[in-house]
Amino acid sequence: MKCLRPHPWIQLRQITLCFVGWCLASAICTAQGPNFVVIFCDDLGYGDLSCFGHPSIETPELDRMAQEGLRWLQFYSAAPVCTPSRAALMTGRLPLRSGMCSNKRRVLFPNSKGGLPASEVTLAEMLRDAGYRTGCVGKWHLGHLPEYLPTHHGFDSYFGIPYSNDMDRLAEAPRGMTSIFEPKSAYFNVPLMRDAQVVERPADQPSLTQRYTQEAIEFIKSSDEKPFFLYLAHSMPHVPLFRSEDFVGHSRRGLYGDVIEEIDWSVGQILETLRSTGKAQNTLVVFTSDNGPWLSQRHHGGSAGLLREGKGTTWEGGMREPTLMWWPGTIAGSQATSALGSTMDLMRTFAGLAEAELPDDRPLDSYDLEPVLRGESHGTRDRLFYYRAYELMAVRLGPWKLHYQEQGSYGTEPRKLTKCETPKLYHLEHDPSERYNIAKQHPDVIERIQLAVEAHRSDLVAAETLLDH
Ligand code: MG
């Protein structure tokens, strides 16, 4: 009987054809959207960059990024402190929807048992599902236990510290503010991690900005097969302040200026890598911060410029961030926009650009900023809700901001949550420093804001806090 088995050469040809077909199918399925880089600072003030008016901190690389890109004058974080702000960036949702805020503890600590729940869909998960390579470098602060680390939230790789650089202070470190104002890495037993492994403890803090930068550059250089999402969350300028030898005495602003100028150098390195690898035209880079300057750290804290107050508060200085977006060939250079934007908007904006699927089973607090990036719109968002943990403190509608409650940051007045006897109204274009309450003159505006609050609350389900355990 004749054997029906094909000749080995024919078999080899069939296997080769199958392989080529599989490769073609993979290429077709691979995402074609732009790359995304989010550079996220920690406690950077609205007034801390020279392109945002600082008189003695020099940021030539960020100034160039602004010249080649878009400067956002009214871009906000979703919370005035680290953990809730980062949860909102990652999910496109107000932190009270995920339980990543607390009226008591405010942020996660090294003894916290909680973290960003697996049920949340992160930017990284959304983009990875759309075919992206995803990398996280720097401070995470959304849970340090294994199940909450970046590699469990959609990132292919992680290199950084899992919480703030002032945590895990050792008992033998100097007491009070000395260990902050005269810091040494050895005072803080902060781990440096690669993926889920601790690779150094305490982390050598003066070298962090440079090592994060190197890691980011290597990630970009090795991302040729797929589009990528890189989240580079600097540990600085959160206190204790550290910079490398190269930046000691670099700035006229002293230590704080040295730290910002090293971050500026880092941004220059990232953008230069994108240019030299031919990726610049296909990469959207966002530079912003998690919350405003930590003013109680005195000369170790930054400046919110003419904005009122800083970190920890829902005054403008606590949540309005110096923000730049850069995408050569798509974003026209030398532009400034007064459009409202929020870190939560990156979710919908990136989804649109990457043709990724947004979660459709939950409310998002995210607007698509693409029309603003392309210069086709002066703004897609008209409102902002300023929360301090679970408390709605203030609401912005167009140029108006209405405060319902007030509380100082860390030991500043009012020390306790204080309900305004009657809400206080400010016009942020006329009065960016929120000095002159004009509520009496504008009852119609207050009524419109009240309607916006009612609409906002109609689908608002607050999750139980995950920060108090
Ligand atoms: Mg912060």
Side-chain angles (χ1 to χ4, degrees), residues 26-40 49 51 59-72 75 123-124 126-137 155-157 212-233 263-288 322-337 339 341 343 345-356 368-378 380:
S26 303
I28 290 164
C29 291
T30 298
Q32 295 300 312
N35 307 308
F36 301 108
V37 177
V38 175
I39 303 173
F40 207 50
L49 311 180
C51 52
T59 52
E61 301 295 344
L62 286 156
D63 299 354
R64 181 178 171 192
M65 183 180 175
Q67 273 165 15
E68 295 174 0
L70 183 62
R71 200 159 50 98
W72 285 76
F75 196 90
L123 265 176
M126 178 184 80
L127 291 171
R128 191 168 69 175
D129 286 352
Y132 277 65
R133 182 181 182 217
T134 55
C136 178
V137 178
F155 286 100
D156 298 329
S157 60
Y212 290 170
T213 306
Q214 198 51 44
E215 185 81 10
I217 288 171
E218 279 164 22
F219 180 86
I220 293 168
K221 283 187 174 168
S222 61
S223 293
D224 282 329
E225 280 159 24
K226 290 176 170 184
F228 64 83
F229 167 45
L230 170 64
Y231 173 50
L232 168 55
I263 290 174
D264 179 69
W265 163 84
S266 171
V267 171
Q269 295 289 304
I270 304 286
L271 300 192
E272 194 47 44
T273 303
L274 291 167
R275 289 187 196 99
S276 65
T277 54
K279 297 181 171 97
Q281 303 277 324
N282 195 35
T283 304
L284 168 59
V285 182
V286 177
F287 176 92
T288 188
T323 301
L324 302 171
M325 296 197 195
W326 181 90
W327 186 358
T330 300
I331 294 178
S334 299
Q335 305 286 312
T337 179
T343 53
D345 298 339
L346 299 187
M347 189 85 179
R348 199 173 283 280
T349 307
F350 289 5
L353 293 168
E355 295 181 25
D368 185 2
L369 303 178
E370 185 184 349
V372 182
L373 301 186
R374 294 190 185 277
E376 296 162 2
S377 166
H378 294 300
T380 51

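What you are looking at is a predicted structure, and each value in this text was computed from that prediction instead of being measured.
Side-chain polar atoms of Arg133 and Ser223 form a donor-acceptor pair below 3.5 angstrom.
A donor-acceptor pair under 3.5 Å is absent between the side-chain atoms of Ser377 and the main chain of Val372, judged by distance alone. Without hydrogens or angle criteria, Arg374 side chain to Ile331 main chain gives no donor-acceptor distance under 3.5 Å. Side-chain atoms of Glu215 never come within 3.5 Å of backbone atoms of Thr213 as a donor-acceptor pair (strictly under, hydrogens ignored). With hydrogens and angles disregarded, no donor-acceptor distance shorter than 3.5 Å links the side chain of Thr283 to the backbone of Ala280.
The distance from atom OG1 of Thr277 to atom NZ of Lys221, rounded to the nearest 0.5 Å, is 8.0 Å. Once rounded to the nearest 0.5 Å, the distance linking CG of Leu70 with CE of Met65 reads 10.0 Å. Atoms CG and OH, on Asp156 and Tyr132 in that order, are 13.5 Å from each other to the nearest 0.5 Å.
Ring orientation note: the planes of Tyr231 and Phe155 are close to parallel, at an angle under 30° on the 30°/60° scale. Taking the six-membered ring where the residue is Trp, Phe228 and Phe219 present perpendicular rings, their angle passing 60° and hence far from 30°.
At a threshold of 4.5 Å between non-hydrogen side-chain atoms, the residues Trp327 and Pro34 count as touching. Side chains of Met126 and Met347 form a contact here, defined as non-hydrogen atoms less than 4.5 Å apart. Two residues are said to be in side-chain contact when any heavy atoms from C-beta on lie closer than 4.5 Å; Ile270 and Ile220 meet this criterion. In this structure, the side chains of Leu271 and Glu61 stay at 4.5 Å or more apart for every pair of heavy atoms. Side chains of Pro322 and Leu49 form a contact here, defined as non-hydrogen atoms less than 4.5 Å apart. The shortest distance between side-chain heavy atoms of Phe287 and Leu62 falls below 4.5 Å. The shortest side-chain heavy-atom distance between His378 and Thr337 does not fall under the 4.5 Å cut-off.
Residues meeting the side chain to side chain donor-acceptor pair (under 3.5 Å) test with Arg275, sequence neighbours left out: Glu68, Glu272. Phe75 is linked by a ring pair (Phe, Tyr, Trp, His ring centres under 6.0 Å) to Trp72, counting only residues two or more places apart in sequence or in another chain.
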Hey, mind stepping through Phe229 and Leu123 against side chain to side chain contact (heavy atoms under 4.5 Å, CB included) and telling me if it holds? CA-CA 9 Å; Phe229 167 45; Leu123 265 176; 4.0 Å; yes

Carefully, step by step, assess Leu346 and Val286 under the rule side chain to side chain contact (heavy atoms under 4.5 Å, CB included). CA-CA 9 Å; Leu346 299 187; Val286 177; 4.3 Å; yes

Quick one, Leu284 with Asn35, criterion side chain to side chain contact (heavy atoms under 4.5 Å, CB included). Give me CA distance, side-chain angles, the key distance, then yes/no. CA-CA 6 Å; Leu284 168 59; Asn35 307 308; over 6 Å; no

Criterion salt bridge (Lys or Arg N to Asp or Glu O under 4.0 Å) on Lys279 and Asp224, from CA distance to verdict: CA-CA 9 Å; Lys279 297 181 171 97; Asp224 282 329; 3.0 Å; yes

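The two atoms that bring Arg71 and Ala66 nearest to each other are CD-CB, 4.1 Å, heavy atoms only. Taking each heavy atom of Thr323 and Thr288 in turn, the nearest pair found is OG1-OG1, 2.9 Å. Considering every non-hydrogen atom in both Ala124 and Thr134, the closest pair reads O-CG2, 3.6 Å.
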With a cut-off of 3.5 Å and sequence neighbours excluded, list every side-chain donor-acceptor pair involving residues 348-356.
unit_1 : atom_1 : unit_2 : atom_2 : d
Arg348 : NE     : Ser366 : O      : 2.8
Thr349 : OG1    : Asp345 : O      : 2.7
Thr349 : OG1    : Tyr367 : O      : 3.4
Thr349 : OG1    : Leu369 : N      : 2.9

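Under the side-chain contact (heavy atoms from CB on, under 4.5 Å) rule, Val285 has a single partner from Leu232, Leu274, Val267, Leu230, which is Leu274.
In this structure, Arg64 forms no cation-pi arrangement with Trp326, as its terminal cationic atom is not both closer than 6.0 Å to the ring centre and no more than 45° off the ring axis.
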